[in-house]
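In what follows, a single structure is set out as structure tokens and then discussed.
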There are 2 protein chains.
Amino acid sequence: MSTERMWKDQLYLEFARVGKSLSSPKRLEILDLLSQGPKSVDVLSKTTEMSIANVSQHLQTLLEARLVRFTKKGTFVIYELADPAISDFMLSLHSVCEKQLIEIRRIKAEFLQHNGSAEPIQLDVLLERMERGEVILLDVRPKDEYETDHIPGAISIPIEELEKHLSSLPTGKDIVAYCRGPYCLMSSEAVEIMKTRGINAHRLNEGVHEWRQFTEHLQ
Amino acid sequence: MSTERMWKDQLYLEFARVGKSLSSPKRLEILDLLSQGPKSVDVLSKTTEMSIANVSQHLQTLLEARLVRFTKKGTFVIYELADPAISDFMLSLHSVCEKQLIEIRRIKAEFLQHNGSAEPIQLDVLLERMERGEVILLDVRPKDEYETDHIPGAISIPIEELEKHLSSLPTGKDIVAYCRGPYCLMSSEAVEIMKTRGINAHRLNEGVHEWRQFTEHLQ
DNA sequence: ACGTTATTCAATTGATTAATTGAATTATTG
DNA sequence: CAATAATTCAATTAATCAATTGAATAACGT
């Protein structure tokens with residue numbers, strides 16, 4: 001075996017450190033959740049319905065690949081993505097997956113239909129209507145995710161509090177709800193809640209990262 | 001377990017189909033080689049120094065994830081990337097890996113030093129000098145890779161034929177050699193060969209995909 | 001110092017993966 | 001039709017991985 005072959009093998013072993021992190025559905029979901037903002041093990045455990053020990057083990061794997069880092073806050077260990085570029089990378093991973101695996105589109109379509117979801121508003125149409133002051137953009141993610149990052153001009157009402165705050169929404173404008181992105185159902189559920197109350201509401205498929213990627217492509 | 005949880009699990013299992021493909025160093029190398037153009041199992045086997053049976057099994061995994069597809073040419077099965085977006089994705093995967101894993105830079109630096117490589121020419125400097133007609137850009141990859149795609153203005157002299165063709169190179173201009181990209185040593189070796197013959201030669205770190213990404217960022 | 005909360009570690013178990021080896025298959029040629 | 005070349009398949013083996021369970025650790029509050 002030549003020294004060049006050994007060098008190549010060593011190099012690709014390093015690349016595979018990241019690759020291995022992406023081989024588990026659970027770790028991919030954790031990375032997506034952390035794209036929305038830092039979270040504790042407990043929060044990740046509850047959101048993914050995995051045991052705390054299991055979440056912790058997956059986080060150790062992601063640490064080992066340097067995709068995440070942590071800070072401590074009292075007894076809480078707060079994990080976050082090691083670099084914003086990793087959420088960009090997750091976007092491109094999802095993009096490749098959606099393009100190559102038609103099963104993903106089928107699964108999404110089946111579930112959105114099951115959820116009673118109408119067609120979402122197009123992002124460019126939303127941006128135009130926001131500029132004209134015609135719509136209210138509602139961020140229905142947890143407030144800490146909104147505080148981490150959100151589409152400018154959006155109002156934050158976490159979905160758990162939506163029922164309580166419907167009366168505080170401005171009247172005479174359409175409402176558009178968005179959440180974590182194409183693989184999150186909060187916006188769809190929020191639209192159902194508002195339609196039940198007679199509010200003309202739509203959902204946005206994209207999340208804040210997809211919005212940013214979209215606006216960066218316009219420049 | 002809620003239907004939403006089942007839906008999420010199903011979705012992420014699909015994403016992990018691609019993720020699993022990226023967990024093997026061997027498959028990552030195969031994907032990089034196919035980014036340079038379609039290849040047969042035999043060519044991949046020889047280039048990666050893996051057995052034909054092993055290469056074939058890895059290709060089945062990549063097929064299963066829809067990252068590659070194949071055509072038949074006589075007894076040859078020619079594999080290629082299923083979509084050009086996959087080589088873009090490989091660029092972003094490598095970018096994340098290089099950023100997060102300093103070991104990669106160390107391994108590269110160690111080997112380029114071992115290979116006697118000087119500092120490469122910057123891509124923007126190269127493009128300026130090419131525009132002024134000051135340098136000859138040499139593509140030292142196999143000719144079929146050059147024919148698949150190459151940096152415009154480059155001349156193709158595969159490295160195995162470089163010694164034979166040195167006399168046909170124009171005199172009075174600097175030579176810049178490039179190959180498959182940052183994880184390929186052909187350009188470094190080509191520069192050594194030319195310097196041995198008294199030719200003022202430099203290497204370019206980037207390959208054709210990195211060049212295209214770079215020029216797309218200028219627009 | 002002790003109890004509590006949050007998290008990590010270690011051992012175990014069952015499942016999955018990677019490489020090898022030899023057989024089987026596919027396409028071509030004479 | 002048989003031989004050849006290229007590739008794939010199947011079985012085996014060893015290594016790795018994922019989830020669970022219970023213990024251990026770390027930080028905080030009283």
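In what follows, chains carry the letters A, B, and so on, assigned in the order in which the sequence lines appear, proteins first and then strands, with residues in each chain numbered from 1. Keep in mind it's a predicted model, so treat the numbers as computed, not measured.
- Heavy-atom neighbours of Glu49(B) CD from other residues, nucleotides or ligands within 6.0 Å: above the threshold of 12.
- A 6.0 Å sphere centred on CD of Gln60(A) holds more than 12 heavy atoms belonging to other residues, nucleotides or ligands.
- Comparing Ser24(A) and Gln60(B), the nucleotide of DNA chain D nearest to each residue sits closer to the 5' end for Gln60(B).
- Between Phe70(A) and Tyr79(A), the ring planes are tilted. Angles from 30° to 60° get that label.
- OP1 or OP2 of dA19(C) has not a single side-chain nitrogen or oxygen of Gln57(B) nearer than 4.0 Å.
- Listed by chain and number, the residues in a side-chain hydrogen bond (donor to acceptor under 3.5 Å, both in side chains) with Glu80(B) are Arg69(B) (sequence neighbours excluded).
- Shown for residues 7-17 of chain B: no residue has heavy atoms falling under 4.0 angstrom of DNA chain D.
- Not less than 6.0 angstrom separates the ring centroid of His150(A) from the ring centroid of Tyr178(A).
- Using a 4.0 Å cutoff on non-hydrogen atoms, no part of residues 61-71 of chain B comes near DNA chain C.
- Between the side chains of Gln36(A) and Tyr146(A), not a single donor N or O lies within less than 3.5 Å of an accepting N or O.
- For Tyr79(A) and dA6(C), the shortest distance from a side-chain N or O to OP1 or OP2 is not below 4.0 Å.
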Under 4.0 Å protein heavy-atom contacts per nucleotide of nucleotides 25-30 of chain C, with B for base, S for backbone only and - for none:
--BS--
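- First and last contacts of DNA chain D with chain B, using any nucleotide atom under 4.0 Å from a protein heavy atom and ordered 5' to 3', fall at dA6(D) to dA11(D).
- With 3.5 Å as the limit, one finds no donor-acceptor pair spanning the side chains of His209(B) and Asp149(B).
- Taking the six-membered ring where the residue is Trp, the centroids of Phe89(A) and Phe89(B) are separated by under 6.0 Å.
- Within residues 43-55 of chain A, the residues having any heavy atom closer than 4.0 Å to DNA chain D are, in order of number, Ser51(A), Ala53(A), Asn54(A).
- Taking 4.0 Å as the cut-off between side-chain N and carboxylate O, Arg66(A) and Glu103(B) count as a salt-bridged pair.
- Atom pair Lys26(A):NZ and dT16(C):P shows a separation of 14 Å (rounding to whole Å applied).
- Enclosure of atom NZ in Lys108(B) by more than 12 non-hydrogen atoms of other residues, nucleotides or ligands within 6.0 angstrom is indicated.
- Shown here is Arg105(A), whose CZ atom has no more than 12 heavy atoms of other residues, nucleotides or ligands within 6.0 Å.
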